[in-house]
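Each remark here refers to the structure printed beneath this line.
Values below: every heavy atom of this structure, side chains too, minus hydrogens, waters and symmetry copies.
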Amino acid sequence: MSMMKAYKGKVTLPLLAGVVCALAFLVLLYNERLSFLSSSSLIRLTTCARRGHATDGRKAEKEEIEEKDKLEYDADICDITEGKWVYNRSIEPLYSDESCPYVDRQVACVRNGRPDSDYRYWHWQPDECFLPRFDPKKALRKLKGKRLLFVGDSLQRGQWQSFVCLVESIIPDSQKTMKPGRVHTVFSEYNATIEFYWAPYLVESNSDKKIVGDPRKRIMKVDSVARHAKHWLDADILVFNTYVWWMTGLKIKSLWGSFANGEEGSEELDAPVAYRLALKTWANWVDSTIDPNKTRLFFTTLSPTHMRPKEWNNKDGIKCFNETKPVKKRGHWGSGSDKRIMKAVDDVIGKMKVPVTVLNVTQLSEYRVDAHTKIYTEAGGKLLTDEQKADPLHHADCIHWCVPGLPDTWNQIFLSNL
């Protein structure tokens, strides 16, 4: 105050703006502490008015950060969930389901006759940073001499296929092999392996080897991952996910102890309750088994489904059928993403001793009603017939994603976190 009193001249607007910015900076230092000051906070400070431009301060605060001024994505300073999808036809996908031989027919939309291609040209643009394009050479350098293992359900298999296709094109044919398996599939290149392991619940279930089609007959052993986990040992990088198999709308038949008693020994639990128990079992295995100095762990959050077009204001729509553009409404969140499951992931992983990097793909995926396989897929191992395609209400797949497509963005985020 004495300094302000000692100055008897006229307090100009630019000077006042400078003082305000300085005070704001000091408050920020006090509240966040210098050692934890994020560059995202520093970016936001640039919206303060400069001297001589004080009258533009309010306007500048509302302007978006210029793309050229954004920092490269860093999970510690940039919220990947805040952003928008930007259409850019000039950036070609790194592969197609026709050029990459490892894309399953279930998600090979172009091969299956999907006529539109715009869904492949939308790029995720975070608000406060830029997400670098997937670099196959960089990915292979990071994987040199390592074993990367994706573990989970068919959505995780889609992410694995995407990753393999993103890197395989730069590997000579003589230096890559694919060893398929019902449960465990291994893609090998000259100095690394990129693998997928089928475990739709992560914990053991009676659908681990032969899928039980009727959800009412599925049983899971919520207290054990041992049968699966022996295949996860010695991996250098593990990427887990589990969600869609839990969301049948039915209670989950959950079992403790042996499978010998079958249904008689099981108890029906609400899906979020059973999910939390299973995730705790997985977390306990990780904490008691994994050496964080040797193994990196990731967990991909839930992949949304899009069954109710009224939720994105398409009252005449049929599930995700005929959707050609992402939802524009910021923060759109539909019934296909269960927040109770998101909270369970946050709670359980937040208490683990071994660090797990969460790949939060849910919000950005919520917008992508256009990117599902729809009727350009298979059912029961066979492509949909013309009759089935003419009935999208019953046959359009609004769970899985076309490859190439949205899973490529998930892998951009994953690679940026490696």
Once you measure the plane-to-plane angle for Trp282 and Phe240, does it fall in the parallel (<30°), tilted (30-60°) or perpendicular (>60°) bin?
perpendicular
Could you tell me if the side chain of Met352 sits less than 4.5 Å from the side chain of Phe299, heavy atoms only?
no
Side chains of Phe321 and Pro309: closer than 4.5 Å at any heavy-atom pair?
no
Return yes if a side-chain donor-acceptor contact under 3.5 Å exists between Trp410 and Ser365, otherwise no.
yes
How about Tyr95 and Leu166: do any of their side-chain heavy atoms sit closer than 4.5 Å?
yes
Verdict with reasoning, Asp116 to Arg114, per salt bridge (charged side-chain N to carboxylate O under 4.0 Å, His left out):
CA-CA 6 Å; Asp116 63 309; Arg114 180 165 178 171; 2.8 Å; yes
Any carboxylate oxygen within less than 4.0 angstrom of a Lys/Arg side-chain nitrogen, looking at Lys319 and Asp397?
no
Any salt bridge between Asp370 and Arg368, counting N to O under 4.0 Å?
yes
Aromatic ring proximity, centroids under 6.0 angstrom, Trp401 and His372
yes
Can you tell if the side chain of Phe414 reaches within under 4.5 Å of the side chain of Phe163, non-hydrogen atoms only?
yes
Indicate yes or no: at least one non-hydrogen side-chain atom of Arg147 is less than 4.5 angstrom from one of Asp234.
yes
Would you say the rings of Tyr243 and Tyr275 are close, in the sense that their centroids are separated by under 6.0 Å?
no
For a 4.5 angstrom cut-off between non-hydrogen side-chain atoms, does Ile399 reach Met307?
yes
Cut-off 3.5 Å, side chains only: do Asp208 and Ser205 have a donor facing an acceptor?
yes
Between the side chains of Arg340 and Asp270, is the shortest nitrogen-to-carboxylate-oxygen separation below 4.0 Å, so that they form an ion pair?
no
Side-chain H-bond candidate by donor/acceptor type, Ser337 with Glu366, under 3.5 Å:
yes
Check the angle between the aromatic planes of His228 and Tyr197 and answer parallel, tilted or perpendicular using the 30° and 60° thresholds.
perpendicular
Validation row: Tyr73, Asn417 side chains within 4.5 angstrom (heavy atoms)
yes
So does Asp153 get a backbone contact from the side chain of Gln156, meaning a donor-acceptor N/O pair under 3.5 Å?
no
I want to check something: taking the side chain as every heavy atom from C-beta on, are Phe187 and Leu148 in contact at a cut-off of under 4.5 Å?
no
